[in-house]
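Quick note: residue numbers are just sequence positions, from 1. Computed from a prediction, not measured in an experiment: that's the story for all the values here.
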Amino acid sequence: MAEKTIKDWQALAERELKASADALTWHTPEGIDVKPLYTADDLQGISHLASLPGIAPFVRGPRATMYAGRPWTIRQYAGFSTAEESNAFYRRNLAAGQKGLSVAFDLATHRGYDSDHPRVEGDVGKAGVAIDSVEDMKILFDGIPLDQMSVSMTMNGAVIPILANFIVAAEEQGVSRAALSGTIQNDILKEFMVRNTYIYPPEPSMRIVADIIAYTATEMPKFNSISISGYHMQEAGATLVQELAFTLADGREYARAALAKGLDVDDFAGRLSFFFAIGMNFFMEAAKLRAARLLWTRIMEEFQPKKASSLMLRTHCQTSGVSLAEQDPYNNIVRTAFEAMSAALGGTQSLHTNSFDEAIALPTEFSARIARNTQLILQHETGVTKVVDPLAGSYYVESLTNELAEKAWALISEVEALGGMTKAVNDGLPKRLIEEAAARRQAAVDKGEEVIVGVNKYRLENEQPIDILEIDNSAVRAAQIRRIEETKRRRDSAKVKAALDRLAEAASSGKGNLLAAAVEAARERATVGEISDAMRQAFGDHAATPEVIKDVYGEAYRDEPELEVLKSRMSGVESKLGRKPKIMVAKLGQDGHDRGAKVIASAFGDIGFDVLAGPLFQTPEEAADLALAERVNVVGVSSLAAGHKTLLPQLVEDLKKKGGGEVIVVCGGVIPRQDYQYLHDHGVAAVFGPGTNVIEAANSVLDLLEGRRRNV
């Protein structure tokens with residue numbers, strides 16, 4: 001038989017590919033069908049291909065030379081315990097090669113409470129550093145020259161008192177506010193969508209954003225007044241199209257708010273920055289950053305700026321926290337390295353790499369060093385910094401960039417049709433779409449359709465414990481309370497009251513700049529809580545109404561035998577109880593991260609439980625009262641902010657005191673295995689760590705209701 005020619009092989013390959021194309025096509029959550037083969041034909045009609053880096057629409061990067069001229073900034077996000085502990089950690093990291101500071105605050109600070117407030121007993125110092133006044137801020141940056149160091153602060157709810165304290169701390173270090181460089185997140189719209197560390201309702205919150213943009217535009221020309229964040233959207237379950245669209249729509253809304261204050265677009269546009277998550281969809285994440293720059297240029301052109309730099313999107317990125325797994329945690333080092341490479345290939349300006357133990361607890365010195373060195377190795381050993389936009393011209397990446405841009409623009413247009421992002425947030429559109437996407441992804445993971453190595457495939461027989469960072473919450477809180485008391489003893493109370501009265505008047509009258517008034521109050525040593533409360537008088541507190549989506553998780557499991565068996569068991573428990581088993585999904589303390597809670601509430605509802613979604617920010621006593629009033633059988637607490645050892649035992653005790661000792665308490669979330677026994681010893685019946693299959697969790701809860709098993 002004659003040997004096949006090159007043309008024969010080519011024809012055969014084309015026939016095989018054509019015959020199997022449908023079967024091999026990857027249908028992504030974004031609604032993009034990724035083909036097994038891309039060719040030059042896929043680039044036809046894509047207009048951005050001719051663009052150059054440093055020139056609008058900046059698809060290939062905001063600077064002409066990109067990393068060939070200067071690598072991205074290594075900006076590790078950190079903060080824990082006290083200002084003293086965080087300061088020491090910062091100094092060590094800077095000595096080891098970190099180039100900028102990125103501050104994480106505890107949840108009490110985020111929500112505008114001082115550390116001595118009774119609602120924050122389990123939150124102080126746990127998921128970030130506790131800041132109560134200028135005295136804490138001065139310690140946090142002791143020995144760190146603020147005229148030389150760029151500082152990024154992730155703060156939204158209590159953004160006014162935190163930025164005011166930062167400005168005053170710098171002044172007392174001898175650094176004028178005009179010399180300060182860095183970024184304040186100041187992105188409140190995404191808080192109402194996903195992260196929930198808000199304080200005030202949307203409308204006055206938007207005034208705060210605009211006042212900060214106005215103040216920094218005139219007083220702090222080197223400081224970025226806002227970091228518009230998609231990161232928390234992806235962490236909450238958003239697809240990449242949703243993250244891209246809602247983030248840029250937020251940016252458009254903030255630009256309009258600044259213009260409404262009478263600012264010229266060129267006075268503030270160059271100080272807007274963005275913040276995106278980088279997950280495990282390697283090429284699509286790189287394409288997302290390229291599409292973001294393309295679309296932001298399109299949006300900013302609407303405002304007719306005169307400066308080309310006003311059209312430019314600049315972004316910080318952080319590797320995904322959701323992609324980290326508790327199981328086989330050293331795999332997380334590999335995941336983070338791939339995500340960091342994707343961010344670099346997409347053209348980020350700065351980057352944080354997560355530590356491998358962050359699915360379990362705050363990073364240790366050991367894990368933080370690996371995370372930091374991941375970036376150093378990427379910059380110095382891989383060659384990615386030698387070429388501007390290495391992926392340019394890739395059939396696949398350019399096609400993805402174009403398709404992501406088209407789909408995101410369609411969603412942005414839908415938001416516009418509703419009247420803009422503030423209206424869309426009030427209507428609940430972004431939150432609903434993101435929660436539906438999160439439920440669908442959880443079902444795909446539970447069914448094994450989306451493989452996570454070491455979690456739902458290739459699992460280890462035995463998991464070895466790893467060292468974790470433990471924060472003594474009660475000791476941190478006691479130290480903070482002592483400093484608050486000392487600060488209040490030494491200050492002039494009359495001057496503090498006068499400054500707070502002026503701030504409250506500015507808030508209620510709508511006249512004057514809120515940040516300028518808060519700076520004066522901070523100089524007099526008004527605390528974060530006092531400054532926040534002065535604005536609360538005028539604005540009130542925002543309280544979201546919990547809603548549970550339906551028929552998303554259940555639809556993904558339709559006709560699956562596991563769900564049918566579970567529903568059969570449900571019938572038996574229902575007969576025994578005389579009603580559907582009722583579960584309350586609770587969030588305790590100031591932890592607003594509710595992705596897990598929402599997924600569980602939605603999935604358990606589809607399975608057949610009667611589900612009560614408790615409000616955010618409950619105290620253990622409030623949760624116990626609600627559970628008993630609603631006659632629930634089970635309280636399931638979702639915890640992501642390390643307050644579990646304080647708050648869960650209190651909940652169990654409060655239930656017992658109020659006659660609800662028969663109510664079963666379970667919990668899930670970011671809880672180290674080392675803490676499981678402590679929780680069991682304090683009355684928690686079951687602990688479900690990260691990566692728990694929802695169907696398995698539901699079966700375990702039914703076991704508990706039937707009295708067959710405890711302490712799982």
Point to revise | Side-chain donor-acceptor pair present, Gln185, Ser227, cut-off under 3.5 Å | key: no
Point to revise | Non-neighbouring partners of Thr183 that pass side-chain hydrogen bond (donor to acceptor under 3.5 Å, both in side chains), sequence neighbours left out | key: Asn224
Practice item. Using atom types as modelled and distance alone, determine if a side-chain donor or acceptor of Asp123 lies under 3.5 Å from a backbone N or O of Ala108. Key: no
Exercise for review: Output, in order, the C-alpha distance, side-chain angles, deciding distance and verdict of salt bridge (Lys or Arg N to Asp or Glu O under 4.0 Å) for Lys550 and Glu555.
Suggested key: CA-CA 9 Å; Lys550 297 179 180 179; Glu555 178 63 23; over 6 Å; no
Exercise for review: Determine yes or no for a side-chain-to-main-chain donor-acceptor pair under 3.5 angstrom, with Tyr231 supplying the side chain and Thr319 the backbone.
Suggested key: yes
Show which side-chain atoms of residues 432-441 pair as donor or acceptor with protein atoms under 3.5 Å away, not counting sequence neighbours.
unit_1	atom_1	unit_2	atom_2	d
Glu435	OE2	Lys598	NZ	2.7
Arg441	NE	Glu450	OE2	3.0
Arg441	NH2	Glu450	OE2	2.8

Study note, to complete from the structure: With sequence neighbours left out, the residues meeting side-chain hydrogen bond (donor to acceptor under 3.5 Å, both in side chains) with Asp136 are Gln480, Arg483
Check your understanding: Which heavy-atom pair separates Gln327 from Pro690 by the least distance, and what is that distance?
Key -> NE2-O, 2.9 Å
**Study point:** Counterpart residues, side-chain hydrogen bond (donor to acceptor under 3.5 Å, both in side chains), relative to Gln442 (two or more places apart)
**Key:** Asp446
Check your understanding: Are the side chain of Asp357 and the backbone of Thr364 linked by a donor-acceptor contact shorter than 3.5 Å?
Key -> yes
Check your understanding: With a 4.5 Å limit on heavy-atom distance, are the side chains of Asn354 and Asn332 in contact?
Key -> no
Check your understanding: Would a distance-only check, ignoring hydrogens and angles, find a side-chain to backbone donor-acceptor pair under 3.5 Å from Glu358 to Pro363?
Key -> no
Practice item. Kindly say whether Ala507 contributes a backbone atom to a donor-acceptor pair with the side chain of Arg207 at under 3.5 angstrom? Key: yes
Practice item. Examine the side chains of His110 and Asn156 and answer whether a donor and an acceptor come within less than 3.5 Å of each other. Key: no
Review point. Are any side-chain N or O atoms of His682 and backbone N or O atoms of Tyr678, one a donor and one an acceptor, separated by less than 3.5 Å?
Key: yes
Review point. Would you say the side chains of Asp106 and Thr109 form a donor-acceptor pair under 3.5 Å?
Key: yes
Check your understanding: Which pairs pass salt bridge (Lys or Arg N to Asp or Glu O under 4.0 Å) with one or both residues in residues 232-243, sequence neighbours excluded?
Key -> Glu243-Lys288
Review point. Between Asp187 and Ser229, is any side-chain donor less than 3.5 angstrom from a side-chain acceptor?
Key: no
Review point. Does any N or O in the side chain of Thr247 come within less than 3.5 Å of the main-chain N or O of Leu244, such that one atom is a donor and the other an acceptor?
Key: no
Practice item. Carefully, step by step, assess Asn196 and His593 under the rule side-chain hydrogen bond (donor to acceptor under 3.5 Å, both in side chains). Key: CA-CA 7 Å; Asn196 300 314; His593 298 78; over 6 Å; no
Point to revise | salt bridge (Lys or Arg N to Asp or Glu O under 4.0 Å) assessment of Lys447 paired with Glu562 | key: CA-CA 10 Å; Lys447 292 169 67 178; Glu562 299 100 319; over 6 Å; no
Check your understanding: For residues Thr197 and Glu191, is any side-chain donor paired with an opposing acceptor at under 3.5 Å?
Key -> yes
**Study point:** Pairing residues for Thr692 by the side chain to side chain contact (heavy atoms under 4.5 Å, CB included) criterion, not counting sequence neighbours
**Key:** Phe688, Ala697
Practice item. Answer with yes or no whether the side chains of Asp132 and Ser115 bring together a donor and an acceptor at under 3.5 Å. Key: yes
Practice item. Please examine the side chains of Ile162 and Ile131, heavy atoms only from C-beta on, and report whether any two atoms are closer than 4.5 Å. Key: yes
Practice item. Say whether, by atom type as modelled, one donor and one acceptor occur between the side chain of Lys582 and the main chain of Glu630 under 3.5 angstrom. Key: yes
Check your understanding: Do Ser86 side-chain atoms and Ala83 backbone N/O form a donor-acceptor pair below 3.5 Å?
Key -> no
Review point. Do Gln537 and Asp533 meet the criterion of a side-chain donor-acceptor pair at a distance under 3.5 Å?
Key: no
